[in-house]
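Just so it is clear, the model here is predicted, and its values are computed rather than measured. Start at 1 and go down the list; that is how both ligands and their atoms are numbered.
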Amino acid sequence: MTAPTTAARAAYESDGYYISQQPVLPVPVVAGAKAGMDEVRAGRYDTGVAPQPSVWKPGDDEDKLCKIEMPQVASRPIWDLVSHPALGEWAAALSGAAWVQVWWVQLLYKPPVRPQVSTNVGWHQDRHYWQVWEAGSELFTAWVALEEVGADSGPMRFVRGSHRWGFLDQSDFFGQDLDGQRRGLPLPAGASWSEDEVLLPAGGASFHHCLTLHGSGANTTGRARRSFAIHLRTEKSRPVEDRRAGLTAFIDNPHYCPLIYPRSV
Ligand SMILES: O=C(O)CCC(=O)C(=O)O
């Protein structure tokens with residue numbers, strides 16, 4: 001596994017994302033979390049605790065995009081991945097933060113494309129969905145691949161430098177027509193659109209700023225694309241009016257929201 005470098009931090013700051021070419025997490029941790037994902041998708045929770053209410057529920061259509069909220073509370077091997085110190089090291093190195101906490105997690109399972117079923121993720125800025133945080137809060141995401149993500153897996157696509165375009169107030173995670181959506185985005189004058197595909201090895205991770213535009217297309221590989229979106233915050237973040245509700249409901253609970261840098265003991 002590689003260590004974060006100052007060049008990685010410079011790339012993160014200038015592009016609004018960083019894509020690790022090398023695995024960030026050890027093979028056994030990734031393999032455990034992959035099995036854990038399949039358990040949680042089947043509705044089996046080794047901790048006895050269910051995830052938070054989610055759009056996709058066990059028993060739902062296997063061909064649909066599956067997004068399950070807070071799976072780390074339902075599965076010990078998923079917890080081990082989400083709270084792994086290597087993620088904390090990377091997140092702290094890229095952001096320069098004094099501390100980093102996981103505040104929300106999403107299990108993402110993109111099945112192979114089928115006729116009549118589309119599993120694209122529309123262009124969006126995560127900040128659009130995170131109004132529970134004060135303006136200017138330092139929020140970003142580690143997206144961890146549980147298997148290799150190639151160009152035909154429906155990889156995420158980041159728009160380079162879009163974190164400097166401000167809050168666009170026009171996001172649609174479930175939008176399917178990425179080209180049409182893109183045409184309607186209110187980009188600032190002079191903005192130039194350049195996309196990067198997030199191609200990763202198993203155990204690889206990308207990190208993106210909460211204003212970075214991203215989406216993803218069809219998975220044509222014939223096998224599922226499994227990942228976790230691990231949403232992170234630093235000491236430069238605060239819930240609106242310091243409220244604990246909705247997406248901030250669990251931030252004081254270390255059994256839901258681990259501090260990953262420095263490590264809690
Ligand atoms: O998995 C995808 O294609 C999109 C994930 C995403 O939007 C995110 O991690 O913020």
>> For W103, run the side chain to side chain contact (heavy atoms under 4.5 Å, CB included) check against F250, W133, Y256 and tell me which one passes.
In response: W133

>> Test of understanding: given a 4.0 Å heavy-atom threshold, classify the contact between H208 and ligand 1 as side chain, backbone, both, or neither.
In response: side chain

> At what distance is the nearest protein heavy atom to atom 1 (O) of ligand 1, and which residue and atom is it?
Replying inline: R225 NH2, 2.6 Å

> Looking at L81 and V30, what are the two nearest heavy atoms and their distance?
Replying inline: CD1-CA, 4.3 Å

>> Which of the numbered atoms in ligand 1 are under 4.0 angstrom from any heavy atom belonging to A229?
In response: 9 (O)

> Near F173, which atoms of ligand 1 are under 4.0 Å from a heavy atom of that residue?
Replying inline: 7 (O)

>> Only heavy atoms of D126, strictly under 4.0 Å: list the atoms of ligand 1 that pass.
In response: 10 (O)

> Quick one: are the ring centres of H214 and W143 less than 6.0 Å apart?
Replying inline: no

> To which protein heavy atom is atom 8 (C) of ligand 1 closest, and what is the distance rounded to 0.1 Å?
Replying inline: H214 NE2, 3.5 Å

> Can you check whether T141 has an N/O within less than 3.5 Å of an N/O in ligand 1?
Replying inline: no

> Do H163 and T212 pass the side-chain hydrogen bond (donor to acceptor under 3.5 Å, both in side chains) test, and can you show the C-alpha distance, the side-chain angles, and the key distance before you say yes or no?
Replying inline: CA-CA 4 Å; H163 63 310; T212 299; 4.5 Å; no

> Looking only at heavy atoms, is any part of K67 under 4.0 Å from ligand 1, and if so is it the side chain, the backbone, or both, or is it neither?
Replying inline: neither

>> Quick check: K110 and ligand 1, any N/O pair under 3.5 Å apart?
In response: no

>> Tell me the closest heavy-atom pair linking S162 and Q125, and the distance in Å.
In response: O-NE2, 4.4 Å

>> Ring-plane angle category for W165 and W193, please: parallel below 30°, perpendicular beyond 60°, tilted otherwise.
In response: tilted

> Ring centroid separation for Y109 and W56, is it under 6.0 angstrom?
Replying inline: no

> Are any of the heavy atoms in H124 under 4.0 Å away from ligand 1?
Replying inline: yes

> Quick one: is the NZ or CZ of K67 closer than 6.0 Å to the six-membered ring centre of F173, and within 45° of its axis?
Replying inline: yes

>> With side chain to side chain contact (heavy atoms under 4.5 Å, CB included) as the criterion, how do Q131 and V240 come out once you've worked through the C-alpha distance, each side chain's angles and the decisive distance to 0.1 Å?
In response: CA-CA 8 Å; Q131 303 293 328; V240 171; over 6 Å; no

> Can an N or O of H231 be found at a distance shorter than 3.5 Å from an N or O of ligand 1?
Replying inline: no

> Near L108, which atoms of ligand 1 are under 4.0 Å from a heavy atom of that residue?
Replying inline: 1 (O), 5 (C)

> Considering only heavy atoms of W143, which atoms of ligand 1 have at least one such atom less than 4.0 Å away?
Replying inline: 1 (O), 2 (C), 5 (C), 9 (O)

>> Checking a contact table here: which protein heavy atom is nearest atom 3 (O) of ligand 1, and how many Å away?
In response: S216 OG, 2.6 Å

